[in-house]
*Asks:* 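Sharing a structure, written as structure tokens. Questions coming.
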Amino acid sequence: MTDHQNEPAIETTEDQLLDHEYDGIQEYDNPLPLWWKAIFWGSIFFAPLYIVFFHFGPGVLPNDRYDDVMTAFYDKQAEELLALGEITDTSLDGLKMSDSMMSTSKKIYSARCATCHGVFAEGGIGPNLCDDSWLHGNRLTEIYKTIVDGVPEKGMLAWKKQLPPGQLMAMAAYVGTLQGSNPPNPKPPQGKQLDPAGMVVVEENEPGDGEPTESSTLSTGKDETGQIPVMPETNKP
Amino acid sequence: MNERLEQFSYDDAIVRKFVFVTWLWGLVGMLVGIIIALELAAPYFNFELPWITFGRLRPLHTNAVIFAFVGNAIFAGTYYSIQRLLKTTLFNKTLSAIHFWGWQLIIVLAAISLPMGITQSKEYAELEWPIDYLIAVIWVVFAVNVFGTIAKRRERHLYVAIWFYIATIITITILHIFNNLALPSTLFKSYPVYAGVQDAFMQWWYGHNAVGFLLTTPYLGLMYYFMPKAANRPVFSYKLSILHFWSLVFIYIWAGPHHLHYTALPEWASTVGMLFSLMLWMPSWGGMLNGLLTLRGVWHKVAVDPVLKFFVVAVTFYGMATFEGPLLSIKAVNYLSHYTDWTIAHVHAGALGWNGFLTFGMIYWLLPRLFQTDLWSKKLAEAHFWIGTIGILLYIVSIYAAGLTQGLMWLAFDDAGYLKYSDFVETTLRLIPMYWVRVIGGLAYFAGVLMMGLNMLMTWKSRPATYEIPVYEAPPLAKTYAHPPKTHSPLAASGAKVADTALRLEHFARTEWHRAWERRPIKFTIMVTIAVIVASLFEVIPTFLIKSNVPTIATVTPYTPLELAGRDIYVGEGCYNCHSQMVRPIRAETERYGEYSKPGEFIYDRPFQWGSRRIGPDLHRIGGKYPDLWHLRHMDDPRSITVGSIMPAYPWLLTEDLNFEGVQTAVKSNAMLGVPYTEDELANAPALAQEQARVIAEGLAQQGGKAGLEGKKIIALIAYLQRMGTDISKTPPAPPQAEITLQEPAETDESISLDAGSTPPVEEVS
């Protein structure tokens with residue numbers, strides 16, 4: 001013990017040296033602080049209470065909580081959809097007039113759509129959106145449906161989970177505004193060439209770009225299910 | 001009693017060796033840490049070189065720091081202290097040498113194999129099976145050397161530091177063996193005997209307790225020796241040592257499942273993990289109290305002694321990390337923190353603060369004693385302390401901020417009830433400035449270690465021509481031991497009529513019974529073993545036996561040979577280091593990724609790939625989300641698809657050939673582990689894989705991708721990615737033609753049906 005300054009004050013309190021030492025190391029046998037004991041025993045007694053409350057009582061476990069949250073969300077979404085009224089080509093076309101909606105949609109396009117459809121909608125992994133050839137129809141309600149439900153077998157995401165209903169409608173209208181713009185490096189046309197009313201002008205584009213054939217169907221690596229996705233015929237009025 | 005004195009001296013040469021490699025590997029491990037920190041801040045630091053990509057180097061960083069830096073420090077400190085605490089030299093010099101060189105060989109093998117992509121992908125247990133065997137052998141050598149030394153001791157009772165060393169040796173042995181049980185497939189590849197949920201459970205039982213028994217208990221042992229020595233003060237409380245030792249050893253084991261909250265792990269396990277983590281708070285803090293309160297009365301020394309400074313900060317970080325651990329284990333907190341950088345900040349507070357600083361303090365205390373000269377520069381040691389502290393603070397403050405930012409952004413919904421940041425990369429870009437601060441913090445910490453190297457070198461240079469080896473004297477342990485008389489029992493003496501139980505309780509509360517254990521090392525070791533094994537079995541047995549933990553899903557089938565090969569590439573590239581495969585039942589996650597993950601989806605996943613951190617998005621529902629061409633371009637150049645992505649590019653996957661013949665071995669190994677492959681797959685795996693690869697490659701070429709990829713690794717990886725997480729959305733197949741299973745009408749839960757086959761009635765365990 002080299003430290004004579006402080007020792008006397010301490011040694012006279014509760015510190016009691018035990019009679020053993022190891023390589024010069026001695027030990028006191030001080031009692032444990034009360035708060036330490038309280039929290040230690042408290043944490044032990046808390047355990048059965050928690051188990052009873054959550055596993056056998058009114059507590060809500062994560063999976064059930066998830067179900068509750070989802071039910072509430074679907075209810076809210078259904079209300080919103082009802083409030084939007086009927087979705088028609090005309091109602092969607094009207095959205096093009098809203099500058100704020102179109103500028104928001106443009107931003108969303110750049111952030112979310114451009115990776116596949118190109119910065120100028122010229123096409124890339126996904127088809128060109130500026131020309132008059134369409135795989136799934138060019139009427140705004142058809143474009144809206146393609147955006148909402150996606151084309152999972154071809155890699156187009158279903159956006160209904162990612163964007164609010166009103167925004168989905170605005171996106172369809174925005175895609176409509178791209179029609180006829182002449183982007184650089186356009187991807188060759190795919191699908192049917194359609195007139196603005198959605199009527200077929202040319203049935204099929206050059207081979208390899210048109211409707212999916214067996215060989216051009218994107219493989220998910222599991223071909224034993226053997227299902228070739230059937231493309232909906234979208235040209236009926 | 002002390003009729004005859006024996007002479008002995010201590011072997012410090014082995015300690016000098018271990019101290020040097022502690023520094024050396026610490027330097028390497030931290031350098032790799034800085035490299036991977038740079039790769040996250042700016043992905044071009046991956047240089048498109050396979051062996052230095054983040055996914056391969058991150059395991060090297062964790063392994064180097066845990067097993068090389070901390071591991072060697074444990075060996076150095078243990079070998080130094082047990083000789084003195086037991087008044088004897090080490091058991092066997094040859095064993096010490098085998099231990100030293102064997103451990104360094106393991107580290108070198110790790111440093112070679114991990115960058116090559118040879119990995120089991122289980123965190124902190126990445127090393128492949130041949131190295132695992134070597135680890136087991138060398139660890140046993142260490143154990144024999146320690147227990148042999150205990151057997152030759154001249155001090156009857158074991159000091160608290162040695163209790164912690166014993167707990168370390170026993171528990172690490174058990175953890176290492178049972179987590180690494182795997183079937184070797186080739187020299188460089190094995191498949192674990194566990195799959196999916198059970199593999200995840202075993203891994204985090206291991207992962208959590210590796211932290212407990214490699215980063216915590218041995219370091220508490222070191223603290224109990226070096227801190228009172230350096231402060232020259234008695235330990236605060238022997239009672240506390242006993243209570244916190246046993247509660248720590250027993251409770252720690254249970255807490256592993258807190259790494260798997262909200263996953264497909266059964267909820268009861270998650271609850272057990274959380275509750276035991278809360279109980280672990282005070283036992284952990286017992287160590288902190290005994291450390292800090294030992295310094296009562298010598299705080300003025302802390303101001304002038306760098307060794308004590310390091311110790312004080314180390315113990316403070318220990319206290320902080322062991323408060324935060326229980327906090328993070330609370331399900332509601334984990335909801336926010338899991339998969340974010342919060343966890344990374346937490347472990348670095350522990351590793352840099354507690355392990356690092358305790359090691360540095362210990363080394364600065366040892367240097368003058370080992371080299372028998374004065375420390376070259378106390379000022380430089382002071383400077384090391386300050387730059388190290390600043391480094392830790394920069395590191396953890398920035399990464400805590402990153403973790404909270406990311407966690408909150410992932411969960412944020414806008415007013416309309418949709419994800420506010422539905423593009424994952426938005427949440428990544430927000431973290432980049434903090435990642436740069438981390439790099440600076442890491443560099444500061446690294447600079448401190450360099451300073452220590454210089455101090456070590458200069459101190460070593462002024463060592464004496466030959467080391468003096470002092471000879472000590474002590475009597476041998478007597479064959480018989482006169483047990484001390486039972487001390488006065490106030491309760492019995494009071495004459496009050498009390499129940500026997502009360503007297504027993506009083507006896508338990510007094511610590512004489514433990515004093516008796518301390519002089520019986522075999523009994524002590526057995527008690528520790530029982531504490532650890534019993535606690536483990538309470539969780540392991542239900543996890544493996546209760547069928548309802550993993551309800552079978554009829555549409556989940558084994559991976560095709562090509563997909564299996566792709567999965568092995570995914571494992572080898574270390575994709576799990578950045579991508580989880582576990583969508584939690586949280587709306588913010590199901591909106592972002594898709595349906596939450598079910599336990600039955602992982603039954604063919606060997607090893608499981610749930611991951612622990614989302615540096616990139618979850619991938620469990622990636623299958624079918626994008627076209628093959630998207631994946632091809634994304635793997636070749638991620639930033640051409642996602643602007644701002646920090647993922648490394650993997651161009652070599654487009655040029656390296658897939659070893660189709662090797663696919664057969666992989667299929668056979670998985671079949672041996674119980675994966676139901678067909679006769680065709682067992683006989684013709686390469687041909688089947690080639691056919692599937694051809695279809696995918698043709699599709700890619702038609703979509704405008706590069707042609708001629710059918711023999712390349714990328715095709716297998718795409719096949720795996722497109723398969724992942726898709727099985728539950730398939731329609732159930734027609735009854736199999738070959739075998740007819742009796743399907744009793746069972747409870748159904750959405751697409752999940754309980755396979756009632758041959759299993760006993762299902763018990764619901766909560």
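Here is the naming used below: chain letters follow the sequence lines, and residue numbers restart at 1 for every chain. What you see is a predicted model, and the numbers here were worked out from it, not measured in a lab.
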*Asks:* Is any side-chain N of the basic residue among A:Asp23 and B:Lys229 closer than 4.0 Å to the acidic one's carboxylate O?
*Replies:* yes
*Asks:* Indicate whether the side chain of A:His136 and that of A:Thr146 have a donor and an acceptor atom separated by less than 3.5 Å.
*Replies:* no
*Asks:* Shorter than 4.5 Å, heavy atoms on both sides: which option in B:Pro283, B:Ser640, B:Ala161, B:Pro326 has the most such pairs with chain A?
*Replies:* B:Pro283
*Asks:* Is it the case that over 12 heavy atoms from other parts of the model lie below 6.0 angstrom from the CZ atom of B:Arg154?
*Replies:* yes
*Asks:* Need one label for B:Val643: side chain, backbone, both or neither, based on atoms under 4.5 Å from any heavy atom in chain A.
*Replies:* neither
*Asks:* Given the options B:Arg587, B:Glu591, B:Arg84, B:Met279, which has more heavy-atom pairs under 4.5 Å with chain A than any of the others?
*Replies:* B:Arg587
*Asks:* Given B:Glu691 and B:Arg694, is the salt bridge (charged side-chain N to carboxylate O under 4.0 Å, His left out) satisfied, shown in steps?
*Replies:* CA-CA 5 Å; B:Glu691 175 54 20; B:Arg694 188 187 59 77; 2.7 Å; yes
*Asks:* Is it true that B:Asp727 and B:Lys730 make a salt bridge, defined as a side-chain N closer than 4.0 Å to a carboxylate O?
*Replies:* yes
*Asks:* Under 4.5 Å heavy-atom distance to chain A, tell me which part of B:Ile586 shows up: side chain, backbone, both or neither.
*Replies:* backbone
*Asks:* For chain B, which of A:Ile39, A:Leu18, A:Val69, A:Thr115 has the most heavy-atom pairs under 4.5 Å?
*Replies:* A:Ile39
*Asks:* At a heavy-atom separation under 4.5 Å, does A:Ile25 approach chain B through its side chain, its backbone, both, or neither?
*Replies:* side chain
*Asks:* Checking B:Ile251 against chain A: side chain, backbone, both or neither under 4.5 Å from a heavy atom?
*Replies:* side chain
*Asks:* In Å, rounded to the nearest 0.5 Å, how long is the span from NZ of B:Lys239 to CG of A:Leu32?
*Replies:* 7.0 Å
*Asks:* Can you tell which part of A:Ile44 gets under 4.5 Å to a heavy atom of chain B, answering side chain, backbone, both or neither?
*Replies:* both
*Asks:* Is it the backbone or the side chain of B:Ser241 that comes under 4.5 Å from a heavy atom of chain A, or both, or neither?
*Replies:* side chain
*Asks:* Do NZ/NE/NH1/NH2 and the carboxylate oxygens of B:Arg515 and B:Glu518 come within less than 4.0 Å?
*Replies:* yes
*Asks:* For B:Phe236, which atoms come within 4.5 Å of any heavy atom of chain A: side chain, backbone, both, or neither?
*Replies:* both
*Asks:* Main chain of B:Ser645, side chain of B:Thr642: is a donor-acceptor contact present, judged purely on distance under 3.5 Å?
*Replies:* no
*Asks:* Which class fits the ring pair B:Tyr596 and A:Tyr66: parallel under 30°, tilted 30 to 60°, perpendicular over 60°?
*Replies:* perpendicular
*Asks:* Can you see whether B:Arg584 engages B:Thr590 through a side-chain donor-acceptor pair at a distance of less than 3.5 angstrom?
*Replies:* no
*Asks:* Is it the backbone or the side chain of A:Phe40 that comes under 4.5 Å from a heavy atom of chain B, or both, or neither?
*Replies:* both
*Asks:* Is it the side chain or the backbone of A:Lys187 that comes within 4.5 Å of chain B heavy atoms, both, or neither?
*Replies:* neither
*Asks:* Side chain from CB out, backbone as N, CA, C, O: work out which of these in B:Trp630 comes under 4.5 Å of a heavy atom of chain A, or both, or neither.
*Replies:* both
*Asks:* Below 4.5 Å from any heavy atom of chain A, which atoms of B:Arg633 appear? Answer side chain, backbone, both or neither.
*Replies:* side chain
*Asks:* May I ask you to name which of B:Thr271, B:Leu562, B:Leu278, B:Leu419 has the most heavy-atom pairs under 4.5 Å with chain A?
*Replies:* B:Thr271
*Asks:* Where on B:Leu289 is there a heavy atom nearer than 4.5 Å to chain A: the side chain, the backbone, both, or neither?
*Replies:* side chain
*Asks:* Check each atom of B:His157 against the heavy atoms of chain A and say whether the ones under 4.5 Å are side chain, backbone, both or neither.
*Replies:* both
*Asks:* Is it the side chain or the backbone of B:Leu158 that comes within 4.5 Å of chain A heavy atoms, both, or neither?
*Replies:* backbone
*Asks:* Under a 3.5 Å threshold, yes or no: a donor from one side chain and an acceptor from the other, between A:Ser133 and A:Gln190?
*Replies:* no
*Asks:* Mind ranking A:Pro31, A:Ala47, A:Cys116 by heavy-atom pairs under 4.5 Å with chain B and telling me who comes out on top?
*Replies:* A:Ala47
*Asks:* Tell me, for B:Tyr418 versus chain A, whether the close heavy atoms (under 4.5 Å) come from the side chain, the backbone, both or neither.
*Replies:* side chain
*Asks:* Heavy-atom distance under 4.5 Å to chain A: side chain of B:Ser81, backbone, both or neither?
*Replies:* neither
*Asks:* Compute the centroid of each ring, for A:Tyr22 and then for B:Tyr224, and state whether the two points are separated by less than 6.0 Å.
*Replies:* no
*Asks:* Closest heavy-atom contact between B:Pro228 and B:Tyr225?
*Replies:* CD-O, 3.6 Å
*Asks:* Based on non-hydrogen pairs under 4.5 Å, which of B:Tyr262, B:Tyr335, B:Tyr720 is most in contact with chain A?
*Replies:* B:Tyr262
